[in-house]
Amino acid sequence: MSPAARRRVCAVIAAAAVAVLFSALSAALGALPALAHGFTSTVYVNLVSPRAGHVRTELQLEYDLLVVSAADSEKDDPLFRAGTAAFEAGDAAQQAAALDAHAGSVVAYVTERFGVTAGGTACAPVKDGGFTIGRREGVPYARLTLDYRCPGSADAHEVRSALFAGSEGYVRDSKTIVTYDLDLTSGSTALDAQHRSFSTQQSWFERFWQFFRLGAEHLLGGIDHILFLLALIAGSRRLREIVLAATTFTLAHSVTFVLAALGLVEAPAAFVEPVIALSIAVVAGWHLWRLWRRRSHATDLETAGHGRLGLDRAGWTRLAVVFCFGLVHGLGFAAALGIDQAWSWTLLWSLLVFNVGIEVVQLTIIAAVFPLLALLRHRRPIAGLWTTGAIAAGVSAMGLVWFVQRVLGT
């Protein structure tokens, strides 16, 4: 290949690498207004059958979203005023009282969008007890118990959920995480806009695919996790380094997954989310610091490396930092599935499949980005340093912005 042709190839590679950065930052900036609430919401449902013809259903729904959605759907302005005032006051008792006072509107909203059928016949919902308020991921959640009365006995039940649809205009969409012990079968599943219902007779493959897809979508929709991965890629000089870094990150958040599923570890979102943002800034800033320290000899980083597995002391320290932050990222992943029940083996299986979905997307991103940067570094070391430096600088700045916003709760 002629020198001119090589320059053109390197220019294309640099442009592609920088395009990845700007695409990620554009998505991140587009997500900024949603940091306080999120583009999506998650509903948690548990179904059991205490006796024939009854399906006891406990729903946990994000409180402020439930208030505005039910008030808008049922044209109940007093619910909106009372519920919003209680939310702003941060008083759980006041929040429960607001829902109880307007239970008709709230239950009507929920039961129009969530239902259970037995043998093709709809089960009739009956509210059981009052509302209670708990917290998930740092925000209040309302608990509502419905007793579905089903005609006769059935070999299978079907569950449908269209709660908090994107068409309502408050969130992009919602996911419903369902655990169940019905029809001599226990399991879990995930419902979303593309998959609104499931049957207790669903196959093993269907359940596997739902949580695999949920894990893949969670990583793709979580721009903070993608930027963390880009920071790892930018700071890795050889394939061995990114493989070790990605493996370390995977092991760390897998450990947290299991501990969370066993009910042995728990951390509030007020701690987890700022630390995730800080981890992005630190890992990206690490690469910038090494470039600054070497200055005119920064290209030596491309050939440096010795010791076990080809890593110097800085490389091993970086892996330790990645492992520690990976533990915190794992708490964020586990929160997406509502892992808060001790010894929840049903959810543990689902979580592990969810983790596989995350890893497949993670490896795909590495396979798409790292070879481009590696080729650029090999052909044009200076251009490679500038490109990885630009990526690291942009990612680090974004992480710091998120860290401040999450600490301040804005």
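The analysis underlying the following values was restricted to heavy atoms, covering all of them including side chains, and did not include hydrogens, waters or symmetry mates.
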Chemist: Is it true that a side-chain atom of Thr117 and a backbone atom of Ala122 form a donor plus acceptor pair closer than 3.5 Å?
Modeler: no
Chemist: For Asp128, give me all partners under side chain to side chain donor-acceptor pair (under 3.5 Å), at least two apart in sequence or on another chain.
Modeler: Arg56
Chemist: Under 3.5 Å, is there a donor-acceptor pair between the Glu58 and Thr145 side chains?
Modeler: no
Chemist: If we count only N and O atoms by modelled type, under 3.5 Å, do the side chains of Glu158 and Ser199 hold a donor and an acceptor together?
Modeler: no
Chemist: Flag the pair Phe212 / Val360 as yes when at least one side-chain heavy-atom distance between them is below 4.5 Å, and no otherwise.
Modeler: yes
Chemist: Indicate whether any N or O donor in one side chain lies under 3.5 Å from an N or O acceptor in the other, for His287 and Thr388.
Modeler: yes
Chemist: Please, which pairs that meet salt bridge (Lys or Arg N to Asp or Glu O under 4.0 Å) have at least one residue in residues 95-112, sequence neighbours excluded?
Modeler: none
Chemist: Go through Phe228 and Phe249 one step at a time and tell me if the ring-ring contact (aromatic ring centres under 6.0 Å, His included) criterion holds.
Modeler: CA-CA 10 Å; Phe228 184 83; Phe249 180 64; 4.9 Å; yes
Chemist: Under 3.5 Å, is there a donor-acceptor pair between the side chain of Thr176 and the main chain of Val43?
Modeler: no
Chemist: For Glu74, enumerate each residue passing the side chain to side chain donor-acceptor pair (under 3.5 Å) test, keeping only those at least two apart in sequence or located in another chain.
Modeler: none
Chemist: Is a donor on one side and an acceptor on the other found under 3.5 Å between the side chain of Ser69 and the backbone of Phe164?
Modeler: no
Chemist: Is there a donor-acceptor contact under 3.5 Å from the side chain of Lys175 to the main chain of Ile177?
Modeler: no
